[in-house]
J.: 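Encoded as structure tokens, here's the structure I'll be asking about.
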2 protein chains.
Amino acid sequence: MARKHAADISLRLDNQLCFAVYSTAHAFNRVYKPLLDRLGLTYPQYLVMLVLWERDGVPVKGIGERLFLDSGTLTPLLKRLEAAELIQRTRSTEDERQVLIALTPKGEALREKARAVPQAILAASACSVGELVAMKNEIVALRDKLNGVLGE
Amino acid sequence: MARKHAADISLRLDNQLCFAVYSTAHAFNRVYKPLLDRLGLTYPQYLVMLVLWERDGVPVKGIGERLFLDSGTLTPLLKRLEAAELIQRTRSTEDERQVLIALTPKGEALREKARAVPQAILAASACSVGELVAMKNEIVALRDKLNGVLGE
DNA sequence: CACAATTAGATTGCGCACAATTTAATTTAT
DNA sequence: ATAAATTAAATTGTGCGCAATCTAATTGTG
């Protein structure tokens, strides 16, 4: 009886943190959507652009390591960004296995428009910068612990 | 110059919290995967089962409100759970627009197997229960603020 | 040098997630 | 009581996210 009840609480508690993260990710996505629509980007596409705005000419693998995504996700996404003329995909001559991703002028220019996004998100979060940074650090620490478990 | 630099920091900062949440959700998913494979469930299916284990005979809408999901996501997911004989979908006689979701004996029984999941997750998180609860509360508060913005 | 192992990316298939639309049932306002 | 508005699910189409598999290039080893 007590055992069963305890197990139920445990099932719920477990649910809470992961579900909290999962549902917050979706909530974020919904807030981002109208902002990113103006840029013609999805959220994962926006992430790729952020990586490229920081450093250009990166191989697919490099982007994947930053974003925790593999080629199964990135290849079609990058093809869409290429079709939108925001990036260019070129085989590396140095190592022909690699495909290097470079920004086009259009992709570079989009950065200016993107500057409006963070401000809107900050406002929507209704938190101070300090709070957001603190929360970010906690969540990243949790993420790294979880990813650590996966590497055994 | 200073303006451009500040904007870059801002772009990065924005990236951080949302990306932290986004990437942590995926990290969680990867940790859950082998555990849920044993139950024959995906993570969203597991969430639906958690809702049903708490309360049975709920309409699709009710599940959607708990999980922030709509019928576009739930209808096919529930059909898969029905095909797996974990749930039963029946039109409500009271209100024929609604489809009520009830656990089958098999779905009810799966709850016992599911009890192993939370413990494994707790261990993988390498955090104390207190830390997890605190983080959960912060994240839920953020989620609710974000969702609040969406309702204007 | 040759051959096995590794690596980068592409491809296929499945299951979300969500916008937009459709259908049918119920509620409300007239 | 009937028409209009609302509501619940289902459906369609697009884009991730990831496992599994495949191809081609590179690296490591004997």
J.: If you compare all heavy atoms of G40(A) against all heavy atoms of Q45(A), which two are closest, and at what distance to 0.1 Å?
T.: O-OE1, 4.0 Å
J.: Could you check how far CG of D37(B) sits from P of dG15(C), rounded to whole Å?
T.: 12 Å
J.: Quick one: does L41(A)'s side chain get under 4.5 Å of L81(A)'s, heavy atoms only?
T.: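 Yes, their side chains come closer than 4.5 Å.
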J.: Rounded to the nearest Å, what distance is computed from the CG atom of residue L47(B) to the P atom of nucleotide dA17(C)?
T.: 8 Å
J.: A side-chain contact here means heavy atoms from C-beta on lying under 4.5 Å apart; do D37(B) and K33(B) qualify?
T.: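 In contact.
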J.: L69(B) CG to dA8(D) C1': how many Å, rounded?
T.: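 Roughly 16 Å, once rounded to whole Å.
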J.: Figure out the CD/P separation between Q98(B) and dT6(D), and round it to whole Å.
T.: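 It is 19 Å, rounded to the nearest whole Å.
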J.: Select one nucleotide: of dA19(D), dA10(D), dA19(C), the one nearest the side-chain heavy atoms of K33(A).
T.: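 For K33(A), the side-chain atoms sit closest to dA19(C).
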J.: Choose from dG15(C), dG9(C), dC16(D) the nucleotide whose nearest atom is closest to any side-chain atom of R91(A).
T.: dG9(C)
J.: If you find the nucleotide of DNA chain C closest to L77(B) and the one closest to G62(A), which residue's nucleotide is nearer the 5' end?
T.: G62(A)
J.: Describe the nucleic acid contact of T42(B) in one word from base, sugar-phosphate, nothing, applying a heavy-atom distance below 4.0 Å.
T.: sugar-phosphate
J.: Heavy atoms from C-beta onward define the side chain here; which of dT26(D), dA25(C), dC16(D) lies closest to that of D95(B)?
T.: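 Looking only at heavy atoms from C-beta outward on D95(B), the closest nucleotide is dA25(C).
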J.: Would you indicate which nucleotide in dA17(C), dA10(C), dG9(C) comes nearest to any side-chain atom of R89(A)?
T.: dA10(C)
J.: Using heavy atoms to find the nearest nucleotide of DNA chain C for V60(A) and P44(B) separately, return the residue whose nucleotide is more 5′.
T.: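 Final value for this comparison: V60(A).
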J.: Return the value, rounded to whole Å, for the distance between atom CZ of R80(A) and atom P of dA10(C).
T.: 13 Å
J.: Quick one: is dA10(C) close enough that its OP1 or OP2 comes under 4.0 Å of any side-chain N or O from T75(A)?
T.: yes
J.: On a plain distance test, is the side chain of S71(B) in donor-acceptor contact with the base of dA8(D) below 3.5 Å?
T.: no
J.: Rounded to whole angstroms, how far apart are CD on E94(B) and C1' on dT7(D)?
T.: 15 Å
J.: Give P76(A) one of three labels, base, sugar-phosphate or nothing, depending on what nucleic acid heavy atoms sit under 4.0 Å from its own.
T.: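 If one applies the 4.0 Å heavy-atom cut-off, P76(A) turns out to touch nothing in the nucleic acid.
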J.: For R97(B) and dA8(D), what is the distance between atoms CZ and P respectively, to the nearest whole Å?
T.: 6 Å
J.: Using the rule that Ile, Leu, Val, Met, Phe, Trp and Tyr join whenever any side-chain heavy atoms are under 4.5 Å apart, tell me whether L100(B) and L52(B) fall into a single cluster.
T.: no
J.: Can you tell me the pairing partner of dA25(D) across any strand shown, Watson-Crick or G-U wobble, with both distances under 3.5 angstrom?
T.: dT6(C)
J.: Between Y43(B) and Y22(A), does the ring centre distance come in under 6.0 Å?
T.: yes
J.: Rounded to the Å, how far apart are L78(B) CG and dC16(C) P?
T.: 10 Å
